[in-house]
S.K.: 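Below is one structure. I have some questions about it.
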Protein chains: 2
Amino acid sequence: MSIRSDVKTVIHDDLCEINLVDKRMVKKVIGKLEDDVALLELADLFKAFSDSTRIKILRALSISELCVCDIAAVAGISQSAVSHQLRFLRMSRLVKYRKDGKMVYYSLDDDHVRKLIDQGLEHVKEER
Amino acid sequence: MSIRSDVKTVIHDDLCEINLVDKRMVKKVIGKLEDDVALLELADLFKAFSDSTRIKILRALSISELCVCDIAAVAGISQSAVSHQLRFLRMSRLVKYRKDGKMVYYSLDDDHVRKLIDQGLEHVKEER
DNA sequence: TTAACATCTGAACGTATGCTCATATGAGCG
DNA sequence: CGCTCATATGAGCATACGTTCAGATGTTAA
């Protein structure tokens with residue numbers, strides 16, 4: 001019930017008071033900012049790209065559709081690890097798959113994925 | 001010294017032998033794939049975007065330069081947490097800063113960062 | 001100099017993450 | 001049917017990560 005007077009605290013709801021340097025700009029930024037759910041989804045999207053195994057898989061699939069064991073060969077990791085990561089990518093809707101007998105072939109679900117990887121690679125390459 | 005006969009094992013160096021379904025395609029993909037270091041850097045780049053606090057900070061900075069305490073206000077988290085994440089982003093060379101007295105103002109280091117966020121947002125918004 | 005303030009930093013702690021290992025499922029084949 | 005192969009999955013474990021807390025640093029102003 002009491003009003004917090006802790007210096008470090010900023011009450012977020014109504015943008016008050018304490019410790020704000022440029023109140024107007026803070027309001028403006030909060031106004032433009034996407035809602036928390038969207039930003040969480042955005043973070044989760046990038047999370048899919050943030051592991052070296054997964055990015056290798058995604059990059060490989062951006063070159064060609066591949067079956068699970070060939071993905072493992074390309075990425076140089078165990079089939080089990082690949083399978084776990086593919087599940088992650090499937091659930092993130094970044095890859096799709098088709099079954100052919102006992103084989104399962106994976107490919108990118110969406111061209112955005114390719115674009116994101118390309119954009120990222122561009123940045124990485126510039127940093128050299 | 002002994003040659004592994006474990007079925008699950010694929011010797012990566014010379015693309016051999018066991019469990020490869022489409023040997024030609026595997027070779028082709030490996031040929032096109034960036035080297036491990038580049039892919040690791042790529043994963044690290046995306047890692048910077050993969051946390052909801054960091055993406056919030058980056059997105060806020062893509063709207064306007066802000067000082068630390070205003071970032072904390074916008075993101076709704078403690079100044080200390082912000083500071084730790086800013087260090088991360090600084091070391092990833094995604095943000096730059098200028099000092100003005102005791103204040104420190106952060107902004108995006110590079111337009112690629114903005115592009116990546118925009119591209120990601122586009123994907124997220126389409127998924128609805 | 002002292003006080004107040006903005007920011008930074010290290011340690012500690014709980015949680016999330018990615019791997020391995022063992023095993024399950026499910027298709028093709030003899 | 002029973003075997004093999006391709007893939008999937010659950011448990012367990014070690015490591016990585018993000019936060020908080022306490023305190024350090026550095027700047028401004030009285």
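Letters A, B, ... are given to chains in the order of the sequence lines, protein chains preceding strands, and every chain is numbered from 1. Hydrogens, waters and symmetry mates play no part in the numbers below; they use all other heavy atoms, side chains included.
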S.K.: Are His84(B) and dT19(D) stacked, counting the six-membered base ring, centres under 5.5 Å, planes under 30°?
M.R.: no
S.K.: Can you tell me how far P of dC21(C) sits from CD1 of Ile77(A), to the nearest Å?
M.R.: 14 Å
S.K.: Send over the distance from Gln79(A) CD to dA24(C) C1', rounded to a whole Å.
M.R.: 12 Å
S.K.: Would you say Lys99(B) places a side-chain N or O within less than 4.0 Å of OP1 or OP2 belonging to dA6(C)?
M.R.: no
S.K.: According to a strict under-4.0 Å criterion, is Tyr106(B) in side-chain N/O contact with OP1 or OP2 of dC8(C)?
M.R.: yes
S.K.: Over how many whole Å does the gap from Lys47(A) atom NZ to dA16(C) atom P extend?
M.R.: 10 Å
S.K.: Grab the CZ-C1' distance between Phe88(B) and dA16(D) for me, whole Å please.
M.R.: 11 Å
S.K.: Can you tell me if the side-chain N/O atoms of Gln85(B) get under 4.0 Å from OP1 or OP2 in dT19(D)?
M.R.: yes
S.K.: Could you tell me the separation between the CG atom of Leu86(B) and the P atom of dC8(C), rounded to a whole number of Å?
M.R.: 7 Å
S.K.: Ring-plane angle category for His123(A) and His112(B), please: parallel below 30°, perpendicular beyond 60°, tilted otherwise.
M.R.: perpendicular
S.K.: Within this structure, what is the CD1-to-C1' distance between Ile71(A) and dA8(D), rounded to whole angstrom?
M.R.: 13 Å
S.K.: Any chance you could lay out the salt bridge (charged side-chain N to carboxylate O under 4.0 Å, His left out) test for Asp36(A) and Lys56(B), step after step, and finish with the verdict?
M.R.: CA-CA 8 Å; Asp36(A) 279 11; Lys56(B) 236 184 211 175; 3.3 Å; yes
S.K.: Tell me whether the side-chain N/O atoms of Arg54(B) come closer than 4.0 Å to OP1 or OP2 in dC17(D).
M.R.: no
S.K.: Looking only at non-hydrogen atoms, find the nearest pair between Phe46(A) and Gly120(B) and report the distance.
M.R.: CZ-CA, 4.1 Å
S.K.: Measure across Val74(A) and Leu66(A) and return the closest heavy-atom pair with its distance rounded to 0.1 Å.
M.R.: CG2-CD1, 4.3 Å
S.K.: What do the steps show when you test Glu122(A) against Lys115(B) for salt bridge (charged side-chain N to carboxylate O under 4.0 Å, His left out), and what is the final call?
M.R.: CA-CA 11 Å; Glu122(A) 220 176 279; Lys115(B) 276 189 201 162; 5.1 Å; no
S.K.: If I take atom CE in residue Met103(A) and atom P in nucleotide dT7(D), what distance separates them, rounded to the nearest angstrom?
M.R.: 4 Å
S.K.: How do Asp70(A) and Ser80(B) order along DNA chain D: which one's closest nucleotide is nearer the 5' end?
M.R.: Asp70(A)
S.K.: Could you tell me how far apart Asp51(A) (CG) and dA16(C) (P) are, to the nearest whole angstrom?
M.R.: 17 Å
S.K.: For a quick test of reading the model: is some side-chain N or O of Arg87(A) closer than 4.0 Å to OP1 or OP2 of dT7(D)?
M.R.: no
S.K.: Within the pair Ser78(A) and dT20(C), is there a side-chain N or O less than 4.0 Å away from OP1 or OP2?
M.R.: yes
S.K.: Taking for each residue the nucleotide of DNA chain C bearing the nearest heavy atom, is the 5' side occupied by Lys102(A) or by Ala81(A)?
M.R.: Ala81(A)
S.K.: If you compare every side-chain N and O of Thr53(B) against the phosphate oxygens of dT19(D) (OP1, OP2), does one of them come in below 4.0 Å?
M.R.: yes
